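Step one of this worksheet: look at the structure below.
Please read all numbers here as calculations on a predicted model, not as lab measurements. Just so we're on the same page: letters track the sequence lines, and every chain starts at 1.
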Amino acid sequence: NAGVMQNPRHLVRRRGQEARLRCSPMKGHSHVYWYRQLPEEGLKFMVYLQKENIIDESGMPKERFSAEFPKEGPSILRIQQVVRGDSAAYFCASSPPDGGGNTEAFFGQGTRLTVV
Amino acid sequence: GDSVTQMEGPVTLSEEAFLTINCTYTATGYPSLFWYVQYPGEGLQLLLKATKADDKGSNKGFEATYRKETTSFHLEKGSVQVSDSAVYFCALRNSGAGSYQLTFGKGTKLSVIP
């Protein structure tokens with residue numbers, strides 16, 4: 001059973017370009033979470049999605065950031081018109097259908113975005 | 001809101017030394033507590049967890065006890081190895097609304113030298 005797969009592992013974008021980060025959850029998992037880790041910081045929650053639904057996007061910046069988890073295919077975190085401050089590691093986690101508050105989330109290896 | 005505070009790093013220890021990484025939390029309700037480990041260039045892996053007061057989580061020689069009275073979840077290991085070199089994150093997940101969200105500390109980098 002493959003773990004949470006994120007790609008690319010490393011992504012370099014120039015200021016103003018778009019960044020697309022992909023996350024395939026573990027088999028059988030229908031919940032996806034995105035976290036951002038800024039340098040020297042802990043991970044911060046961004047968004048929680050279920051298939052075709054955004055459940056909670058309270059941690060997402062209001063502009064330029066969007067996320068989706070379509071019925072088929074991976075979850076996508078999209079950052080438009082990237083700026084240097086977007087440089088960070090973006091982690092995806094997944095969990096199985098609702099098991100209550102004790103359900104463990106499994107993390108991917110992250111995508112390290114560098115904006116030059 | 002919920003928060004996690006863990007000791008500043010980096011921490012450098014010799015092999016076989018005793019490790020303590022302090023973690024305290026602020027939360028409403030009855031959170032579950034976690035330690036995650038991030039090896040160089042890798043994602044986060046769950047190291048151990050505790051879901052209620054006085055529970056002890058343990059794995060790979062690491063232990064942490066959920067202390068409600070001191071709102072703490074300190075990570076300990078009796079004898080560290082070079083392979084334990086990593087960044088360790090303390091985290092909580094609350095039991096109320098938004099219980100899927102993990103709140104992380106800033107991380108403590110541990111380097112173990114031979």
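With a 4.5 Å cut-off on non-hydrogen atoms, Phe106(A) does not touch chain B at all. Ser58(A) touches chain B through its side chain: at least one heavy atom from C-beta onward sits under 4.5 Å away, while N, CA, C and O do not. Contact of Gln38(B) with chain A is made through the side chain alone, with heavy-atom distances under 4.5 Å. Within the 4.5 angstrom heavy-atom criterion, only side-chain atoms of Gln37(A), from C-beta onward, approach chain B.
For Glu69(B), the CD atom counts as densely surrounded, since its 6.0 Å shell holds more than 12 non-hydrogen atoms of other residues, nucleotides or ligands. Surrounding CD of Glu18(A) are more than 12 heavy atoms belonging to other residues, nucleotides or ligands, all under 6.0 Å away.
Classification of Arg13(A) and Asp86(A) as a salt-bridged pair fails, no side-chain N sitting under 4.0 Å from a carboxylate O.
Aromatic ring pairs are classed by plane angle as parallel below 30°, tilted from 30° to 60° and perpendicular above 60°; the pair Phe65(A) and Tyr90(A) is tilted.
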